[in-house]
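Below is one structure, written out as structure tokens, with a few remarks after it.
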Amino acid sequence: SQRYTVTLFPGDGIGPEISKAVQDIFAAAQIPIDWEVYHVSTKSVKPGEELIPKEALDAVKRNGYGLKGPLETPIGKGHKSLNLTLRKALSLYANVRPCVSVPGVKTKYENVNVVTVRENTEGEYSGLEHVVYPGVVEMIKLITREASLRVARYAFEYAKNNQRKMVTAVHKATVMKRADGLFLECCREVAQEYPNIQYEELLIDTCAARLVQNPSRLDVMVMPNLYGDILSDLCAGLIGGLGLTPSGNMGQGCMLAEAVHGTAPDIAGKNMANPTALLLSALMMVREMKLFEKADIVETAVYDVLREGKVRTRDLGGTATCTEYTLAIIDKIQQRISS
Ligand code: IPM
Ligand code: MN
């Protein structure tokens with residue numbers, strides 16, 4: 001049967017520990033993946049140097065699948081974010097973050113089930129800023145028809161393939177009339193091709209309020225880059241935070257699954273990290289491979305462990321180490337496979 005090779009970037013801080021957890025869990029579930037590991041880190045290169053070796057980028061393209069642990073993004077001058085470099089270099093045009101309530105993890109909200117689809121290549125993240133003269137900076141928010149249509153189409157296809165009812169285009173076209181106006185125009189055009197999926201438009205500020213007051217009124221949301229960055233964190237907050245939220249960067253024939261949370265340097269190397277977000281991200285990738293049964297087995301195992309609540313990492317109020325949590329999940333998988 002078919003095997004897949006996945007390029008793995010373990011990342012900084014807790015990255016290596018949580019990556020190891022995912023590898024061990026996948027091995028237990030007999031998921032047919034061979035890992036090709038590349039260590040990239042902002043720490044290992046000097047400013048101005050090529051951050052990600054061409055070899056590693058080519059590997060993701062060739063394999064079609066990558067998994068990335070957290071990478072440090074330094075604030076200010078010097079390095080560009082490795083995360084952004086990867087997205088650009090691989091043309092990963094849609095960033096998908098499903099936020100679904102996790103069994104046993106209590107928050108103020110129940111049954112949250114929303115997905116942000118974020119334009120991932122341009123917008124406010126185009127990197128076009130300059131000092132006009134000291135004290136005045138200009139920045140360009142680039143919106144193109146091509147990228148807007150492409151991400152809108154991704155959102156509707158996602159809705160269709162995942163039995164979702166509605167796509168909401170999130171914008172501020174009342175102020176950014178041309179930029180967000182073009183984005184909306186593209187969403188409308190694509191919406192017409194999907195008569196069975198409800199389409200609505202919502203201002204970003206209204207959307208934020210609605211998400212906090214009643215998230216069940218939203219379903220799939222599609223939006224320009226920066227809005228997606230912010231709202232996807234808001235949505236993650238609804239279900240218990242970034243430690244539980246998966247993320248997939250989708251491109252043409254290529255995807256990069258990633259953990260959205262930080263590198264947690266304070267607990268790095270202490271066997272305390274929670275691998276759930278990286279694991280759920282990796283499961284998005286397994287579903288892209290159409291290994292649905294495998295993905296379901298692992299997801300059920302994680303959810304069972306979390307629901308029972310006996311083995312939990314510290315961030316979720318437990319005392320378990322990353323290894324203990326990983327073994328508890330593996331135990332569930334083995335029970336399932338042998339029954
Ligand atoms: C994310 C992160 C990145 C972003 C950072 C690390 C550049 O916050 O994936 O959401 O802003 O896109
Ligand atoms: Mn973010």
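We count ligands from 1, going down the list as the structure has it; atoms in each ligand are counted the same way.
For the Mn ion (ligand 2), the count of nearby protein N/O/S atoms, taking only those under 2.8 Å, is 1.
Atoms CE and CG, on M250 and N120 in that order, are 11.0 Å from each other to the nearest 0.5 Å. Taken to the nearest 0.5 Å, the CG atom of L184 stands 12.5 Å off from the NZ atom of K172.
When only non-hydrogen protein atoms are considered, atom 1 (C) of ligand 1 lies nearest to R97 NH2, 3.4 Å. Nearest non-hydrogen protein atom to atom 5 (C) of ligand 1 is T73 OG1, 4.5 Å. Closest protein heavy atom to atom 11 (O) of ligand 1: Y125 OH, 2.6 Å. Of the protein's non-hydrogen atoms, D229 OD1, 3.4 Å is the one closest to atom 8 (O) of ligand 1.
Residues that satisfy the side-chain contact (heavy atoms from CB on, under 4.5 Å) test with T245, not counting sequence neighbours, are C99, A236, I239. Take Y65 and apply the side-chain hydrogen bond (donor to acceptor under 3.5 Å, both in side chains) test, not counting sequence neighbours, and it matches no residue. Applying the side-chain hydrogen bond (donor to acceptor under 3.5 Å, both in side chains) test to Y109 and every residue at least two apart in sequence or in another chain returns nothing.
Atom numbering of ligand 1 starts at 1 in the shown order; those under 4.0 Å from a heavy atom of S81 are 7 (C). Counting atoms of ligand 1 from 1 in the listed order, those under 4.0 Å from a heavy atom of R118 are 1 (C), 4 (C), 10 (O), 11 (O), 12 (O). Proximity to N83 (heavy-atom distance under 4.0 Å) selects the following atoms of ligand 1: 6 (C). Numbered from 1 in the order shown, with element, the atoms of ligand 1 that lie under 4.0 Å from a heavy atom of R87 read 1 (C), 4 (C), 9 (O), 12 (O).
Look at E72 and you'll find every heavy atom at least 4.0 Å from all atoms of ligand 1.
The number of heavy-atom neighbours closer than 6.0 Å to CD of E200, taken from other residues, nucleotides and ligands shown, is above 12.
With hydrogens and angles left out, the side-chain atoms of Q192 and Y194 include no donor and acceptor closer than 3.5 Å. Using a 3.5 Å distance cut-off with no hydrogens or angles, the side chains of N271 and T323 do pair a donor with an acceptor.
Screening E122, E124, E129 against K141 for a salt bridge (charged side-chain N to carboxylate O under 4.0 Å, His left out) leaves a single residue, E124.
You'll find the side chain of V60 stays beyond 4.5 Å of the side chain of Y38, heavy atoms only.
Taking each heavy atom of M223 and L231 in turn, the nearest pair found is SD-CD1, 3.8 Å.
In terms of polar-atom proximity, E258 is not counted as a contact of ligand 1, lacking any N or O under 3.5 Å from an N or O of the ligand.
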